[in-house]
Amino acid sequence: MDNTQSLSQQLTRFGVTLAGILIYAFLALPVLVIMLSAFSPEPYPQFPPQGFSLRWFSALLQDDGWIASLWISALLLVIVTPITVVLGTFAAWSLARLEFRYREVMQAFILSPLMIPQVVLGIALLYVLTATGIAGMISGLVIGHVVVALPYVVRTVSVSLAAMDKRLEAVSMSLGAGRWYTFRHVTLPLIKPGILAGAVFAAVTSFGEVSVSLFLSAPDTITVPVRVFNYVDQTFDPTVNAISVIFIIFAVLILVVIEKTIGLVKLS
């Protein structure tokens, strides 16, 4: 009987391990194909590559259009991330700690970009920003990206606030601290993982946003995802694979930094 149970446990463990390996392989295979194809010397994506060349990385760095798009995306990343984190943190705190009418309606409104199709949201923002005269400008893209990324920050910070013991804030204010002092010195340190997670989501969302950017971009404000979208539609060479490799390396570096500083577990 014991041998039968032991064999059953071993088979179950083997099945779970095999399923995990297959899932990881399925997820990693597209990334592997893109990375290896980027080093192909041929004028078209080839897997496995028949040689090794940095030709497409050199072509990427010599193309003024790609460089301009990289600068636009980097600028948006630097602007959108802190704005979204600040707005999302205060919005989440207000929804969790303040009592006011129509709070549920306000929460649903803030989170609505997660449910509205991105194409519809892009068209709506195009109409509004065109009426204000900033469609096609960096400021218009910033507004669009903030609208798209804000729900992610609100959700992650709200989770941290829900897990936090409210009595700590009550104790701080009972000892004479004001609400703002309590927020800065008690609440913020305790919800730091949620804020950092929101910052990561905001940065990734902004850097990879396509649908809204397609409607709000102008010829001189084309982001990298929009240029990739247009490039794939018109051209078929591994330049896109080369810039994808740069994105992958950037993402891995972010994960390493987060793991070394606060740990990935605390972001979940």
Side-chain angles (χ1 to χ4, degrees), residues 31 69-98 106-116 118 121 125 138-165 168-169 180-213 216 221 223-226 243-244 246-268:
V31 177
S69 293
L70 282 169
W71 278 113
I72 293 296
S73 292
L75 180 61
L76 287 172
L77 180 69
V78 172
I79 297 175
V80 170
T81 302
I83 292 176
T84 309
V85 168
V86 172
L87 293 178
T89 300
F90 279 108
W93 181 84
S94 299
L95 292 171
R97 296 292 187 264
L98 301 181
M106 181 61 67
Q107 183 177 14
F109 177 75
I110 293 174
L111 300 179
S112 62
L114 295 176
M115 299 171 284
I116 298 175
Q118 296 292 295
L121 187 61
L125 286 170
I138 290 293
S139 54
L141 284 170
V142 168
I143 293 174
H145 285 205
V146 168
V147 170
V148 173
L150 183 64
Y152 296 99
V153 179
V154 173
R155 290 300 299 163
T156 56
V157 177
S158 296
V159 171
S160 293
L161 285 168
M164 173 186 168
D165 191 346
L168 297 175
E169 294 174 316
W180 175 240
Y181 184 92
T182 300
F183 177 76
R184 286 188 296 128
H185 295 279
V186 177
T187 308
L188 277 182
L190 293 175
I191 64 173
K192 180 180 177 181
I195 296 175
L196 291 176
V200 172
F201 278 114
V204 172
T205 301
S206 174
F207 206 68
E209 215 294 312
V210 179
S211 300
V212 172
S213 299
L216 302 182
T221 57
T223 62
V224 172
V226 173
I243 199 167
S244 299
I246 295 176
F247 285 172
I248 292 170
I249 293 174
F250 180 69
V252 171
L253 289 176
I254 290 178
L255 292 177
V256 170
V257 171
I258 293 174
E259 175 62 26
K260 295 297 183 181
T261 53
I262 65 172
L264 291 174
V265 175
K266 293 183 179 180
L267 292 181
S268 58

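As a basis for the values below, the full set of heavy atoms in this structure was taken, side chains included, without hydrogen atoms, waters or symmetry mates.
Considering CG of L95 and CD1 of I110, their distance stands at 5.0 Å, rounded to 0.5 Å. Separation of atoms CG (L114) and CG (L121) is listed at 10.5 Å; rounding is to 0.5 Å. The line from CZ of F201 to CG of L196 is 12.0 Å long, rounded to the nearest 0.5 Å. Put simply, CG on L125 and NE2 on H145 are 10.0 Å apart, with the number rounded to the nearest 0.5 Å.
Partner V148 forms a side chain to side chain contact (heavy atoms under 4.5 Å, CB included) with one of V212, T84, V80, I116 and no other, that one being V212. T223 pairs with exactly one of L75, I72, L70 by the side chain to side chain contact (heavy atoms under 4.5 Å, CB included) rule, that one being I72.
When all heavy atoms of T81 and L77 are compared, the pair lying nearest together is OG1-O, 2.8 Å. Summarising the geometry of V153 relative to G198, their closest heavy-atom pair is CG2-O, 3.4 Å, with the distance given to 0.1 Å. Summarising the geometry of G194 relative to V157, their closest heavy-atom pair is O-CG2, 4.0 Å, with the distance given to 0.1 Å. Here the closest non-hydrogen pair linking V226 and S213 is CG2-CB, 3.5 Å. Contact record, F207 with S73: CE1-CB, 3.6 Å, taken as the closest heavy-atom pair. Of all heavy-atom pairs spanning G144 and L216, the tightest one is CA-CD1, 4.0 Å.
Here the side chain of T205 pairs no donor or acceptor atom with the backbone of A202 at under 3.5 angstrom. Judged by distance alone, the side chain of S211 and the main-chain N or O of Q118 form no donor-acceptor pair under 3.5 Å. In this structure, the side chain of T156 does not engage the main chain of A197 through any donor-acceptor pair within 3.5 Å.
The closest side-chain heavy-atom distance from L190 to S160 is not below 4.5 Å. When side chains are defined from C-beta on, W93 counts as touching L161, because their heavy atoms get closer than 4.5 Å.
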